[in-house]
Amino acid sequence: MPEPRQNPHFNDPAHSAVAATGAGGATDLAMSEGETLERDPSAASGERVPDGPEGTGRAAKPRSLWSDAWRDLRRNPVFIVSALVILFLILISLWPSVIASGNPQSCDLAKAQQGSQPGHPFGFNGQGCDVYTRTVYGARASVTVGVCATVGVALLGSVLGGLAGFFGGAWDAALSRLTDIFFGIPVVLGGLVLLSVITSSTVWPVVGFMVLLGWPQISRIARGSVITAKQNDYVQAARALGASSSRMLLRHIAPNAVAPVIVVATIALGTYISLEATLSFLGVGLKPPTVSWGIDISSASPYVRNAPHMLLWPAGALAVTVLAFIMLGDAVRDALDPKLR
């Protein structure tokens, strides 16, 4: 009787590896596969590890809306230019003496309305003050009013609108009617009425007025964004798991509803700077001795034919600042809008 044929490599450890199966049998594995199991335990479960972006074999980290937006913003020349202009404005607002060594309140009537001279590139205004120095120092008041008003409007409008959109009912109805009332008040006319009785020369009355009349717009945006976000499946799942209202609002809804508020607030910042200049031009906004572009434009307007440089430089600085913030808001809107991808 012939002997059973035996695998010549059965006892050769250099060519096989034996692995016990759940049924008590044995499975011959090639040496390469056995080494793979020892090096990569995930291969035993049959899972495939996706390749990363660099071909390293590791799973790439999932990207969020904010990371995608930042990647798009870094490649957008409009964002880069506007951000550089805004950064420069912030720097000269904090440290104006770096590029303007003079005193904006120091004036010489003998030089009134004179043009450009050595050391005074923008000339002099009607009181003999250096236009260049006043233009540089005027950025501080305008940027301060715009930033503070935007932060106040965004916080107040987001809180009221977010709560109205989340809870609904009587609170939502009351807030909607209140915003309708504020929308019916003309901004410039309201500023003439409310700020005409205030004699303070600081920026805070103007900031308070802008917050008072500016929050309804952000409130409407936040309300609609929260209503849309709370209908998503992850919010319903959190509610089914017993999450509290505060946790759902702060952890799940707010991070996904804040993007439209950021876009509108960024664009509105330039609008508030323009509104401050308008109110100061009319004499009810910032008041001397505060240095403001609106005040300088107002004082230079009667002399626009004889000395146009008095009006040109503060008006040009105001226009560039407002345009920079509007361009920044447009770039942020394009980056945060998934429909434009």
* To do: Find out whether Thr144 and Ser93 are in side-chain contact, i.e. whether some heavy atom of one side chain is under 4.5 Å from a heavy atom of the other.
  => no

* Quick one: do Leu328 and Trp70 end up in the same hydrophobic cluster if we chain Ile, Leu, Val, Met, Phe, Trp and Tyr together by side-chain heavy atoms under 4.5 Å apart? -> yes

* To do: For Leu160 and Leu175, work out which heavy atoms get closest and say how close.
  => O-CD2, 3.3 Å

* Look at the side chain of Arg134 and the backbone N and O of Pro104, then say whether any donor-acceptor pair between them is shorter than 3.5 Å. => yes

* Please name the pair of heavy atoms, one in Ala69 and one in Leu336, separated by the smallest distance, quoted to 0.1 Å. => CB-CD2, 3.5 Å

* Asked: Same hydrophobic cluster for Leu323 and Leu89, using side-chain heavy-atom links shorter than 4.5 Å among ILVMFWY?
  -> no

* Can any side-chain N or O of Trp293 pair as donor or acceptor with the backbone N or O of Ser142 at less than 3.5 Å? -> no

* Got a second to check how far Ser176's OG is from Trp171's CH2, nearest 0.5 Å? -> 11.0 Å

* Asked: Taking the side chain from Asn232 and the backbone from Ala229, do they hold a donor-acceptor pair closer than 3.5 Å?
  -> yes

* Cys107 side chain reached by Phe124 side chain, heavy atoms, under 4.5 Å -> no

* Asked: Is it true that a side-chain atom of Ser225 and a backbone atom of Ile221 form a donor plus acceptor pair closer than 3.5 Å?
  -> no

* Is the backbone of Gly123 close enough, under 3.5 Å, to the side chain of Ser116 for a donor and an acceptor to pair up by distance? -> no

* Asked: Which pair of heavy atoms, one from Ile80 and one from Leu73, lies closest together, and at what distance?
  -> CG1-O, 4.4 Å

* Taking a hydrophobic cluster as the set of Ile, Leu, Val, Met, Phe, Trp and Tyr residues connected by side-chain heavy atoms closer than 4.5 Å, whether directly or through intermediates, do Phe209 and Leu178 fall within one such cluster? -> yes

* Linking I/L/V/M/F/W/Y whenever any side-chain heavy atoms sit under 4.5 Å apart, do Ile90 and Val291 land together? -> no

* **Check: Gly165 main-chain N/O paired with Lys230 side-chain donor or acceptor under 3.5 Å** => yes

* Asked: Does CZ in Phe182 sit with more than 12 non-hydrogen atoms of other residues, nucleotides or ligands closer than 6.0 Å?
  -> yes

* Asked: Is the backbone N or O of Ala112 less than 3.5 Å from a side-chain atom of Gln127, with the two atoms forming a donor-acceptor pair by type?
  -> no

* Asked: How about Ser106 and Asn103: does a side-chain donor come under 3.5 Å of a side-chain acceptor?
  -> no

* Any donor-acceptor pair under 3.5 Å linking the side chain of Thr290 with the backbone of Lys287? -> yes

* **Leu318 side chain near Ile297 side chain, heavy-atom distance below 4.5 Å** => yes

* Asked: Going from CE on Met210 to OG1 on Thr271, what distance comes out if it is rounded to the nearest 0.5 angstrom?
  -> 10.0 Å

* To do: With the side chain counted from C-beta on, respond yes when Phe325 and Ile267 share a heavy-atom pair under 4.5 Å apart, and no when they do not.
  => no

* What is the minimum heavy-atom distance between Asn125 and Val131, and which atoms define it? -> N-CG2, 3.6 Å

* Donor-acceptor pair, Ser158 side chain versus Leu155 backbone, under 3.5 Å? -> no

* Asked: Counting heavy atoms not belonging to Trp313, are there more than 12 under 6.0 Å from its CH2?
  -> no

* Asked: Can we say Asp180 and Arg220 salt-bridge, meaning some charged N sits less than 4.0 Å from an Asp/Glu carboxylate O?
  -> yes

* Looking at OG of Ser299 and CG of Asp296, how far apart are the two atoms once the value is rounded to the nearest 0.5 Å? -> 5.0 Å

* Asked: Per the side chain to side chain contact (heavy atoms under 4.5 Å, CB included) rule, which among Val235, Ile227, Thr228 passes with Gln231?
  -> Ile227

* Asked: Honestly curious: do Leu109 and Met310 fall in one hydrophobic cluster under the side-chain, below-4.5 Å linking rule?
  -> no

* Structure fact -> Paired with Phe88, the side chain to side chain contact (heavy atoms under 4.5 Å, CB included) test is passed by just one of Ile86, Ile92, Val85, namely Ile92

* Structure fact -> On a heavy-atom basis, the closest approach of Ser82 and Phe79 is OG-O, 3.1 Å

* Structure fact -> In this structure, CG of Leu282 is separated from OG of Ser196 (nearest 0.5 Å) by 11.5 Å

* To do: Specify the closest pair of heavy atoms between Ala300 and Leu311, including all atoms of both residues, with the distance to one decimal.
  => CB-N, 3.8 Å

* Evaluate the side-chain proximity of Gln113 to Tyr303: yes if any heavy-atom separation is below 4.5 Å, no if none is. => yes

* Check the pair Thr202 / Ser200 against side-chain hydrogen bond (donor to acceptor under 3.5 Å, both in side chains), numbers first and verdict last. => CA-CA 6 Å; Thr202 62; Ser200 175; 2.9 Å; yes

* Between the main-chain N or O of Leu213 and the side-chain N or O of Gln217, is there a donor-acceptor pair closer than 3.5 Å? -> no

